[in-house]
Amino acid sequence: LRELVIIVMLTEGLLHYFPWRMLIGRELPRLAAYTLGLLGMMAPLTAWLMDRGEVEIIQTLWITIISAGVSVFALYGLDHYLDLSRRDIEAGQREQVMINQLKDKGDGSTNET
């Protein structure tokens, strides 16, 4: 167990301090960082369990991990879609305000009191 803990700690440290910006030209996206962090823990644990013949536990573990991952990825996609929809609505509202202001100027009317 001690070796597993050391391997996981070293893997997570390597992933944390890896020069992602140099490799991909920007910071590592949050979702990718979460995924790599999880894999940094679960890949060594899977190998450790496999060495002990715990196939059923490995299957259960990865079914759980994949289910959670699909859920998180889907929710990130939903958040992105909702953000785009909100921006589209706000852009439409700004456009309508501009159109109304141009109509008011075209009518020669003023809003001064």
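- When the side chains of ILVMFWY residues are joined at heavy-atom separations under 4.5 Å, either directly or via intervening members, Leu15 and Val5 end up in two distinct hydrophobic clusters.
- Leu14 belongs to no multi-residue hydrophobic cluster, having no ILVMFWY side-chain contact under 4.5 Å with any other such residue.
- The ring pair (Phe, Tyr, Trp, His ring centres under 6.0 Å) pairs that include a residue from residues 46-96 number zero, where partners must be two or more places apart or lie in different chains.
- When the side chains of ILVMFWY residues are joined at heavy-atom separations under 4.5 Å, either directly or via intervening members, Leu49 and Met41 end up in a single hydrophobic cluster.
- Under the rule for a salt bridge (Lys or Arg N to Asp or Glu O under 4.0 Å), the partners of Arg87 that lie at least two apart in sequence or sit in another chain are Asp83.
- Every residue was checked against the side-chain hydrogen bond (donor to acceptor under 3.5 Å, both in side chains) condition with Gln93, not counting sequence neighbours, and none meets it.
- Listed by chain and residue number, Arg86 satisfy the salt bridge (Lys or Arg N to Asp or Glu O under 4.0 Å) test with Glu90 (two or more places apart in sequence, or in another chain).
- Under the salt bridge (Lys or Arg N to Asp or Glu O under 4.0 Å) criterion, Glu27 pairs with Arg21, sequence neighbours left out.
- Grouping Ile, Leu, Val, Met, Phe, Trp and Tyr residues whose side-chain heavy atoms lie under 4.5 Å apart, directly or via other members, leaves Ile7 alone, with no other cluster members.
- Going from atom CD1 of Ile58 over to atom CE of Met50 covers 4.5 Å, rounded to the nearest 0.5 Å.
- In this structure, Arg94 CZ and Ile99 CD1 are separated by 13.0 Å, a value rounded to the nearest 0.5 Å.
- Annotation: side-chain contact (heavy atoms from CB on, under 4.5 Å) contacts of Ala33 (sequence neighbours excluded): Leu28.
- Inter-residue side-chain proximity for Val8 and Leu45 is flagged as unmet; no heavy-atom pair is nearer than 4.5 Å.
- If you take CG on Leu39 and CD1 on Ile65, they are separated by 8.0 Å, rounding to the nearest 0.5 Å.
- For residues 9-45, the ring pair (Phe, Tyr, Trp, His ring centres under 6.0 Å) pairs, not counting sequence neighbours, are Phe18-Trp20.
- We find the CG-CG distance between Leu75 and Leu31 to be 10.5 Å, quoted to the nearest 0.5 Å.
- Listed by chain and number, the hydrophobic cluster partners of Val55 come to none, as no ILVMFWY side chain reaches under 4.5 Å of it.
- Residues Leu23 and Leu36 fall within the same hydrophobic cluster, defined by Ile, Leu, Val, Met, Phe, Trp and Tyr side chains chained together at heavy-atom separations under 4.5 Å.
- Using a 4.5 Å cut-off between side-chain heavy atoms of Ile, Leu, Val, Met, Phe, Trp and Tyr, Ile6 falls into a hydrophobic cluster with Leu10.
- How far CD1 of Ile66 is from OG of Ser71: 13.5 Å, rounded to the nearest 0.5 Å.
- Contacts classified as salt bridge (charged side-chain N to carboxylate O under 4.0 Å, His left out) and involving residues 40-63 (residues at least two apart or in different chains) are not found.
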